[in-house]
Amino acid sequence: MEETITHIEYTVETAQQLLTMEEPDVQMLYKLADTTRREHMGDDVYIRGIIEFSNICANNCLYCGIRAGNGKVTRYTLSADEILEAASVMATGHQMTVVLQSGETPALGDEALGAIIRRIKKETPLAVTVSVGNRPRDTYRYWKECGMDRYFLRFETSDPGLFLRLHPGSTLQERLSCLADLQDLGVQTGSGFMIGLPGETLHILAQNILLCRELDLDMIGIGPFIPHPDTPLGEKKNTYDDNREMFFKALAVLRIFNPDAHIPATTAYDAVFPGKGRDLALQRGANIFMPNNTPACYRKDYLLYPDKPGVDDSADQCLGSAVVRIRALGRTVGKGPGHSIKGACVAPSPGKAV
Ligand code: SAM
């Protein structure tokens, strides 16, 4: 098994073959993912604090709880001072990156968000990741000038037809072109996908993993699709509802195919496996933890999916439990910003041969 992986061919067929492994071989797959993570990324787990600064969204992604068409959501946008206050607290703990995430509408405006990035860079030692969707290249360039270090934008699915069905009025090509702009501008770039979207085949899942490799990403975030009752997919089931091990197999294969990427243990793993999903993810390829730092009063209004963990916890509690969980696994909390190990912040990296 390990020998097979050592001489792995990075193809869709190989990814698909690995995804279909069953017990007891699957334990070797997890072991190899963990070894790959340790050899390339070390035992440090970097903690990135996320601030969900606005749930206003102009899009109608069929799966998303904060889609424009969901009239049950109470909409909010944090003020610049509220964002700065939440970010300042992070720097006193172990969180040296702030992730600014929102729905896809310029709730603050490009210049206002640029000003916030500048203030965070001036007033705190934090690295800044932005995740606010498809934007023009000039906006990305402007935010980079303001000090933005990284950008996170999932492609969600590598299948163009499925992408179009899930994102009315938007194409996979447009999203990939945003990712290309970001990489070209020298921004550390993250992307990823959901696992088990209705209509997703095993072949598409394998393609998703391969696309991450082809894009040569600095960060890759994946997580199970969780149906939200107030969306058009509310009645649907995750493709792997009866085979939830697939969520971890996908993560393990993702790590083996992308040894040098930062990969978070995303919150959705805890939603599906309460209290232990992110721990298992950290043992099967992940090396990043992202506690919620959104001010407590807004959290219940940023429900991308139901039963999102941490909604009632304070930022302190989220951080505290992250540190405890990381140390309980025998891992260490990463110091410093935990930038890409590919050097994308210095110069755009050439595409990796597959
Ligand atoms: N608007 C930005 C964007 O799309 O990149 C950032 C916010 S968006 C809500 C963040 C991510 O939430 C999406 O990339 C998507 O993968 C995830 N998400 C949304 N609805 C979800 C669901 N029902 N289950 C699991 N993940 C979901």
Side-chain angles (χ1 to χ4, degrees), residues 48 50-70 73 75-77 99-108 113 129-135 139-140 143 150-158 162-163 166-170 172 174-176 178-179 182 187 189-200 205 208 212 217 219-241 244 247 250-251 264-273 277 281 290 292 294 298-299 301-309:
R48 328 270 208 213
I50 181 162
I51 302 176
E52 299 148 338
F53 69 87
S54 175
N55 66 357
I56 298 178
C57 193
N59 288 355
N60 262 312
C61 307
L62 264 58
Y63 46 80
C64 186
I66 60 167
R67 67 199 301 272
N70 184 2
V73 177
R75 303 288 168 175
Y76 71 85
T77 301
V99 181
L100 300 174
Q101 194 185 80
S102 76
E104 291 195 34
T105 191
L108 280 174
L113 185 53
T129 302
V130 177
S131 176
V132 300
N134 288 14
R135 293 298 168 89
T139 302
Y140 293 147
W143 287 338
R150 313 184 192 124
Y151 201 91
F152 190 77
L153 179 66
R154 286 185 180 178
F155 57 76
E156 315 293 2
T157 175
S158 60
L162 183 56
F163 187 98
L166 295 170
H167 306 96
S170 174
L172 177 62
E174 284 162 3
R175 181 121 343 166
L176 295 179
C178 287
L179 291 170
L182 288 158
V187 177
T189 301
S191 191
F193 55 88
M194 273 176 280
I195 310 161
L197 284 163
E200 177 194 294
L205 177 55
N208 291 346
C212 289
L217 298 162
M219 303 101 71
I220 309 172
I222 68 171
F225 154 69
I226 303 169
H228 187 299
D230 302 321
T231 64
L233 299 186
E235 302 285 303
K236 300 279 185 192
K237 282 171 74 171
N238 185 296
T239 313
Y240 302 109
D241 225 22
R244 294 178 169 200
F247 304 143
L251 186 71
T266 54
T267 313
Y269 277 91
D270 264 7
V272 177
F273 304 93
M290 295 175 61
N292 196 334
T294 308
Y298 298 112
R299 290 196 193 180
D301 299 318
Y302 203 88
L303 286 192
L304 310 178
Y305 46 80
D307 302 324
K308 192 170 154 211

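As the structure lists them, so they are numbered: ligands from 1, and atoms in each ligand from 1. All residue numbers in this chain count up from 1 along the given sequence.
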Side-chain (Asn70) to main-chain (Gly65) donor-acceptor, under 3.5 angstrom:
yes
How about Asp241: does its CG atom have over 12 heavy atoms from other parts shown lying under 6.0 Å from it?
yes
Nearest heavy atoms of Val272 and Ile226, plus distance in Å
CG2-CD1, 4.0 Å
Can you list, by chain and residue number, every protein residue with a non-hydrogen atom closer than 4.0 Å to ligand 1?
Tyr63, Cys64, Gln101, Ser102, Gly103, Glu104, Ser131, Gly133, Leu153, Arg154, Glu156, Met194, Pro224, Phe225, Ile226, Tyr302, Leu304, Tyr305
One pair to check against ring pair (Phe, Tyr, Trp, His ring centres under 6.0 Å): Tyr63 and Phe225. What are the steps and the verdict?
CA-CA 8 Å; Tyr63 46 80; Phe225 154 69; 7.1 Å; no
Donor-acceptor under 3.5 Å (Arg67 side chain, Asn60 main chain)
yes
Does His167 offer a backbone N or O that forms a donor-acceptor pair with the side chain of Ser170 under 3.5 Å?
no
